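Heads up, the thing below is written out as structure tokens.
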Amino acid sequence: MTDARIRTRFAPSPTGFLHIGGARTALFSWAFARHFGGTFILRIEDTDVERSTPEAVQAILDGMAWLGLAHDEGPFYQMRRMDRYREVIAQMLAAGTAYHCWATPAELDAMREAQRARGEKPRYDGRWRPENRDRLGLLVPAGQQPVVRFRNPDNGEVVWNDLVKGPIAIANTELDDLIIARSDGTPTYNFCVVVDDWEMQITHVIRGDDHVNNTPRQINILRALGAALPVYGHVPMIHGPDGQKLSKRHGAVSVMQYDDEGFLPEAVINYLSRLGWSHGDDEVFSRESLVRWFDGSHLSHSPSQFDPEKLKWLNNLYLKQIPDDELARQVAPRLARRGVDIAAPGSPDLSRVCGLFKDRASTLEELADLAAMLWVDPVAANPNLVDELAGQLKPQAVPALRDLADRLSVCDWHAAAISAAFKETLSAHQLKMPQLAVPVRLKVFGRAQTPSVDAMLALMPRDIVLSRLRA
Ligand code: GLU
């Protein structure tokens, strides 16, 4: 079913990286809009001027681009919309849905203190509402700029049917008259969100449930403006494997760090979509399937758990599906960063190397580590290797290694011929495969475990193999 009227937004505050939680919120908003053929809007909520930075804006744009979450409108910057917020505040003052308040911080403290002493919940008592102000005979203090407060309804409840949490009702007596403009005239956070959601005609607000307490306030202001209410969906937090709120301790926080670590955006998208949403037992599915299925149902109301191991597993599945030459293209810069010159004379073909190793690598970084084995001389990297090995070698392995090197110096240079040379050597010396293959791996590649040793050796120039074996 399509519905082009559907409009969602992702509204990050640019105070840090695009982290996993933010990316998941963005993904859900994006997928929901795409599912219905609607519009996805990016809005940068940069009104916290002390904490917002251009670098953080860029990090968000980079993260969204890397994940392939394209917006249809925006990015809109709240700092560029100040005139509009001021206009709406003036309208609300004129309409009586907002009013000026001159209560000083000291006065507000005393008010709360007195309320607490009476065993009441501390809240603004509405003393500067026009009717109270007259009744109390309050005088506007000279030279002091007022804040603007929203006139919250006194009675009744704010009720909404949350897409994730179901029906929620908050009594208006729980809410006091929210400040919508500070004394310097700047609008406050909840107010900007309301004006934007209204003017951008947002139909579905999908966001983290850390915002659930803002929603009744935002709904009341929208009502006062005569605006249609969006549907709200508050997605539960993401926890680490230890059940604590996701943080640096659990690994990468920034989406772009996953890029650095060699994760694939498609795998990250697949993984994130399963944090707080499900489609039956499906675990591995494409972005297209996600869009086809993501209609706002099956959102979970309990926190989800971030499992780095599962993400790695999924990444390996996606990595294995990439054609070898494309993998080579992606691994090449990672090898260059390791100082490997993939074009050095006698270099193996990187596509074939990637093909050989891709089953074993969870990430492009791991693949680069494995591939680097074919370029880095383990003896040069670890001058003690020969001595260390000599201590470990079974006495009969030494003549066997020499014999193998002789056979390898004359055989054809492909995996089958190399395998035959191994078999001949094993039977001539009464050895089992690991007794020969492990020392060969260590001497040639610096590791006890590799994919099949004959296939690996076949990728290397014969003279390099022989010189490492004979060292
Ligand atoms: N700017 C808010 C944040 O980054 C999100 C506001 C919203 O989605 O309503 O947490």
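No experiment lies behind these values; they were computed from the predicted model shown. Positions are given from 1, in the same order as the sequence printed here. Whatever order the structure lists them in is the order used to number ligands and atoms, beginning at 1.
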Results of side chain to side chain contact (heavy atoms under 4.5 Å, CB included) for D196 - residues two or more places apart only: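 With neighbours one apart ignored, the set is R43, Q78, R81, Y85, M200.
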Restricting to side chain to side chain contact (heavy atoms under 4.5 Å, CB included), what partner residues turn up for H239, sequence neighbours left out?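 By the side chain to side chain contact (heavy atoms under 4.5 Å, CB included) rule, H239 matches M237, P303, Q305.
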Exercise: do [X] and [Y] side chains pair donor with acceptor under 3.5 Å:
| X | Y | value |
| --- | --- | --- |
| Q91 | E87 | no |
| H234 | R207 | yes |
| K312 | N316 | no |

Just jot down the ring-ring contact (aromatic ring centres under 6.0 Å, His included) partners of H298, sequence neighbours excluded, or say none.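 Listed in chain order: nothing, the list is empty.
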Ligand 1 polar-atom proximity to protein (N/O, under 3.5 Å):
{"residue": "ligand 1", "atom": "1 (N)", "partner": "A11", "partner atom": "O", "Å": "2.7"}
{"residue": "ligand 1", "atom": "1 (N)", "partner": "S13", "partner atom": "OG", "Å": "2.9"}
{"residue": "ligand 1", "atom": "1 (N)", "partner": "E45", "partner atom": "OE1", "Å": "2.5"}
{"residue": "ligand 1", "atom": "4 (O)", "partner": "S13", "partner atom": "N", "Å": "3.1"}
{"residue": "ligand 1", "atom": "4 (O)", "partner": "S13", "partner atom": "OG", "Å": "3.2"}
{"residue": "ligand 1", "atom": "8 (O)", "partner": "R9", "partner atom": "NH1", "Å": "2.7"}
{"residue": "ligand 1", "atom": "9 (O)", "partner": "R9", "partner atom": "NH1", "Å": "3.4"}
{"residue": "ligand 1", "atom": "9 (O)", "partner": "R9", "partner atom": "NH2", "Å": "2.8"}
{"residue": "ligand 1", "atom": "9 (O)", "partner": "R207", "partner atom": "NH1", "Å": "2.7"}
{"residue": "ligand 1", "atom": "10 (O)", "partner": "H211", "partner atom": "NE2", "Å": "2.8"}

